[in-house]
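Only one structure is covered here, and it is reproduced in the block below.
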Amino acid sequence: LEVNPLPMKESSLQGSKKVLILEDEIELQRVFAKFLEFGGHHPVVVGDGSMAVQAYAEALRQNSPFDFVIFDLTISGGMGGAETMHRLKESYPEIQGIVTSGYSETSVMAHPEEYGFGAVLQKPFTMQELETAIIQILKQ
């Protein structure tokens with residue numbers, strides 16, 4: 001995965017959103033965090049779906065909710081993005097999320113809205129593709 005955040009124009013990626021990221025690959029955790037921090041956002045990264053559920057609930061308890069989530073579909077040895085979103089949607093129907101995966105031939109990636117997601121981010125992705133997904137999710 002190439003990480004090249006430049007050139008960067010003024011865009012809607014610039015902002016101050018609190019973002020929960022579910023990603024089990026350390027390098028991709030860094031990429032997501034770097035891209036989002038570069039845009040002025042505040043990422044919180046977890047490596048397992050159960051930790052994502054806890055982090056989302058805790059943020060609400062502290063009156064500091066996440067603006068949206070970015071969930072990887074496949075988490076090795078843990079709860080993946082689709083199940084995590086399903087559990088969160090049951091308690092927090094207002095949750096907005098982007099699903100990401102390196103596998104494009106899944107029903108979640110083909111029909112994200114059926115699984116509670118508002119946008120798709122195919123791995124590997126560029127800064128521009130991340131920006132497009134964020135714009136899409138924030139318009140909803």
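Residues Lys34 and Val31 are not in side-chain contact: their nearest non-hydrogen atoms beyond the backbone lie 4.5 Å or more apart. At a threshold of 4.5 Å between non-hydrogen side-chain atoms, the residues Glu129 and Leu121 count as touching. Here the side chains of Leu138 and Lys17 are in contact, with some heavy-atom distance below 4.5 Å. Using a 4.5 Å heavy-atom cutoff, the side chains of Ile21 and Leu28 are not in contact. Glu37 is listed as a side-chain neighbour of Pro43, based on a closest heavy-atom distance under 4.5 Å.
Ile98 and Val44 fall into different hydrophobic clusters, defined by Ile, Leu, Val, Met, Phe, Trp and Tyr side-chain heavy atoms under 4.5 Å apart, directly or through other members. Note on Val120: it does not cluster hydrophobically with Ile134, by side-chain heavy-atom contacts below 4.5 Å among ILVMFWY residues. Note: the hydrophobic cluster containing Val99 does not contain Phe68 (ILVMFWY, side chain heavy atoms under 4.5 Å, direct or indirect links).
Put simply, CZ on Phe71 and OG1 on Thr100 are 12.5 Å apart, with the number rounded to the nearest 0.5 Å. To the nearest 0.5 Å, atom OG1 of residue Thr74 and atom OH of residue Tyr103 are 6.0 Å apart. In this structure, Leu22 CG and Ile75 CD1 are separated by 4.0 Å, a value rounded to the nearest 0.5 Å.
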Intermediate values then yes/no, side-chain contact (heavy atoms from CB on, under 4.5 Å), Phe66 and Leu60:
CA-CA 8 Å; Phe66 289 98; Leu60 283 171; over 6 Å; no
Checking side-chain contact (heavy atoms from CB on, under 4.5 Å) for the pair Ile70/Val19: CA distance, chi angles, key distance, verdict?
CA-CA 7 Å; Ile70 301 174; Val19 185; 4.0 Å; yes
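Minimum interatomic distance between Leu20 and Ala55 (heavy atoms only, all atoms of both residues): CD1-CB, 4.0 Å. Between Ser64 and Lys18, the closest heavy-atom pair is O-NZ, 2.6 Å. Residues Thr126 and Phe35 come closest through the heavy atom pair C-CE2, 4.0 Å.
Within the structure, the salt bridge (Lys or Arg N to Asp or Glu O under 4.0 Å) test picks out no pair touching residues 92-109 (sequence neighbours left out). Applying the salt bridge (Lys or Arg N to Asp or Glu O under 4.0 Å) definition to pairs two or more places apart or across chains, those involving residues 67-77 are Asp72-Lys123.
Under the rule for a salt bridge (charged side-chain N to carboxylate O under 4.0 Å, His left out), the partners of Glu58 that lie at least two apart in sequence or sit in another chain are Arg61. In terms of the side chain to side chain donor-acceptor pair (under 3.5 Å) criterion, Ser104 has no residue partners (sequence neighbours excluded). Remark: Glu83 pairs with Arg87 by the side chain to side chain donor-acceptor pair (under 3.5 Å) rule, at least two apart or across chains. In this structure Gln122 satisfies the side chain to side chain donor-acceptor pair (under 3.5 Å) test with no other residue, sequence neighbours excluded. Residues passing the side chain to side chain donor-acceptor pair (under 3.5 Å) test with Glu90, sequence neighbours excluded: His86. Here Gln140 pairs with Gln96, Gln136, Ile137 under the side-chain contact (heavy atoms from CB on, under 4.5 Å) rule; sequence neighbours left out. Residues meeting the ring pair (Phe, Tyr, Trp, His ring centres under 6.0 Å) test with Tyr92, sequence neighbours left out: Tyr56.
Judged by distance alone, with hydrogens and angles left aside, the side-chain atoms of Glu23 form no donor-acceptor pair with the main-chain N or O of Gln29 at under 3.5 Å.
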Show me, pair by pair, the donor-acceptor contacts under 3.5 angstrom made by side chains of residues 45-53, not counting sequence neighbours?
unit_1	atom_1	unit_2	atom_2	d
Asp48	OD1	Met79	N	3.4
Asp48	OD2	Ser50	N	2.9
Asp48	OD2	Ser50	OG	2.3

Distance-only check: which donor-acceptor pairs under 3.5 Å involve side-chain atoms of residues 106-119, not counting sequence neighbours?
unit_1	atom_1	unit_2	atom_2	d
Thr106	OG1	Met109	N	3.1
Ser107	OG	Tyr115	OH	2.7

